[in-house]
Amino acid sequence: MRILLVEDEEAMALALMKMFAQQGCIMDHVTTIAMGEEALRSNVHDVILLDRNLPDGDGVTLLRSMRNIGVTTPVIVLSAFNGPLDRITGLDYGADDYIGKPFLSEELMARIRAAIRRSNFYSSNVISAGNVKLDLGNLDVIIDGRVMPFPRRETLVLKSLLARAGKTVLRQTIEEAVYGYGDEIQSNSLDSHVSRLRKRLMASKANIQIHGIRGIGYLLKEAS
């Protein structure tokens, strides 16, 4: 799961980033409406957590502009503004849920799961090439009908390549799908993940191959 957190309260942001890291999620954290708009242009997210009291305005401004241009990603407002009229405003502007601060982390996770279930964003679609399938609903890697235990980042690399099987995928595109907004990416990090992914696919008798396109990216295709 990739989450966009728009929150300027440092302690709250750090607590949420730690919690979601433990859940195996990728979190992009920004602190203003303007940065949120840039993050939305840069990546696709499964859910957005949005504060209202931001340095450059009310977070519902971002929410309203998203909905006006047709962005349907689930949005959960997290705010100390939690009176009846505040909640009505947030929901009327397009929020999928509204949680007052403070809140229980378990409740937030439950509401995120519910918001994603209600959306079409996390369907049970499957992408495949050769004898390899990837269930987009839960990111299960299935080879010859067997679910294989692939590490998260290798699975995300595979997802990015499977979605464009037969086409060259730019390094930047794969990195944006695998790493968080603020992650430090070493020059060889992606190459290391691809190398380990190749070995796992070979050990699992997958009949697909990943080819490096020097200086550009990678190409996944069915083995001949």
Side-chain angles (χ1 to χ4, degrees), residues 1-125 135-139 152 156 159 176-177 179-183:
M1 192 189 318
R2 190 179 196 117
I3 300 168
L4 173 60
L5 173 65
V6 188
E7 169 66 72
D8 69 321
E9 187 181 331
E10 184 177 3
M12 171 69 71
L14 289 173
L16 288 174
M17 287 190 287
K18 180 179 179 180
M19 180 183 79
F20 286 111
Q22 291 172 344
Q23 296 290 327
C25 303
I26 295 175
M27 173 166 280
D28 298 333
H29 172 227
V30 298
T31 58
T32 66
I33 294 170
M35 293 172 68
E37 291 172 343
E38 176 61 29
L40 288 171
R41 287 191 292 268
S42 301
N43 289 297
V44 175
H45 300 89
D46 300 306
V47 69
I48 298 168
L49 305 180
L50 178 63
D51 187 20
R52 290 194 60 176
N53 188 22
L54 297 168
D56 53 348
D58 190 333
V60 295
T61 304
L62 175 61
L63 174 58
R64 180 168 55 181
S65 65
M66 286 172 48
R67 297 311 189 214
N68 285 342
I69 62 174
V71 177
T72 60
T73 306
V75 176
I76 300 176
V77 174
L78 308 176
S79 179
F81 300 151
N82 193 35
L85 292 179
D86 298 316
R87 294 195 299 272
I88 290 168
T89 298
L91 295 169
D92 279 348
Y93 276 19
D96 295 83
D97 205 345
Y98 197 112
I99 305 177
K101 297 177 180 178
F103 50 82
L104 293 175
S105 59
E106 293 84 359
E107 180 184 7
L108 175 59
M109 287 302 304
R111 289 183 183 239
I112 288 173
R113 290 191 295 268
I116 291 176
R117 282 197 303 269
R118 289 193 299 268
S119 76
N120 292 322
F121 198 86
Y122 245 174
S123 65
S124 59
N125 291 338
D135 187 330
L136 297 178
N138 50 27
L139 290 184
R152 178 176 61 86
L156 292 174
K159 176 184 176 183
E176 288 175 352
Y179 302 103
Y181 199 65
D183 284 352

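Side chains included, hydrogens not; waters and symmetry mates left out as well; all remaining heavy atoms used.
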*Just do the side chain to side chain contact (heavy atoms under 4.5 Å, CB included) check on L4 and D28 with the steps written out, would you?*
CA-CA 5 Å; L4 173 60; D28 298 333; 4.0 Å; yes

*Excluding sequence neighbours, so at least two apart, what forms side chain to side chain donor-acceptor pair (under 3.5 Å) with D96?*
R67

*Determine whether more than 12 heavy atoms belonging to other residues, nucleotides or ligands lie under 6.0 Å from atom CD of E10.*
no

Determine all donor-acceptor pairs shorter than 3.5 Å in which one atom belongs to a side chain in residues 88-95; sequence neighbours excluded.
from : atom 1 : to  : atom 2 : distance (Å)
T89  : OG1    : L85 : O      : 2.9
Y93  : OH     : R64 : NH1    : 3.4

*Please report the closest heavy-atom contact between N53 and D51, naming both atoms and the distance.*
O-OD2, 3.4 Å

_Do E7 and L49 have side chains that approach each other closer than 4.5 Å (heavy atoms only, starting at C-beta)?_
no

*Looking only at heavy atoms, what is the nearest atom pair of A39 and V30, with distance?*
CB-CG1, 4.2 Å

*State the CD1-CG distance between I112 and D97, to the nearest 0.5 angstrom.*
10.0 Å

*Looking only at heavy atoms, which two atoms of S105 and M19 are closest? And how far apart?*
CB-SD, 3.1 Å

_Nearest heavy atoms of F81 and S79, plus distance in Å_ = N-OG, 2.9 Å

*List the atom of E37, the atom of L62, and the distance in Å for their closest heavy-atom pair.*
CG-CD1, 3.5 Å

*asked:* Using a 3.5 Å distance criterion without hydrogens, assess whether the side chain of H45 forms a donor-acceptor pair with backbone atoms of L40.
replied: no

_Spacing of NZ belonging to K101 relative to CD belonging to E9, to within rounding of 0.5 Å_ = 5.0 Å

*Say you draw a straight line from CD1 of I76 to CD1 of I3; how long is it, rounded to the nearest 0.5 Å?*
9.0 Å

_For a quick test of reading the model, state the closest non-hydrogen atom pair linking F20 to M109 and the distance between them._
CE2-SD, 3.3 Å

*Atom CG in L16, atom CE in M27: separation rounded to 0.5 Å?*
5.5 Å

*Give a yes or no on whether a salt bridge exists between R52 and D58, defined as a side-chain N under 4.0 angstrom from a carboxylate O.*
yes

*Supply the atom-to-atom distance R152 CZ to Q23 CD, rounded to the nearest 0.5 angstrom.*
11.5 Å

*Rounded distance (nearest 0.5 Å) linking atom CD1 of I48 with atom CG of L63*: 8.5 Å

*Quick one: does D56's side chain have a donor or acceptor within less than 3.5 Å of a partner on I33's backbone?*
yes

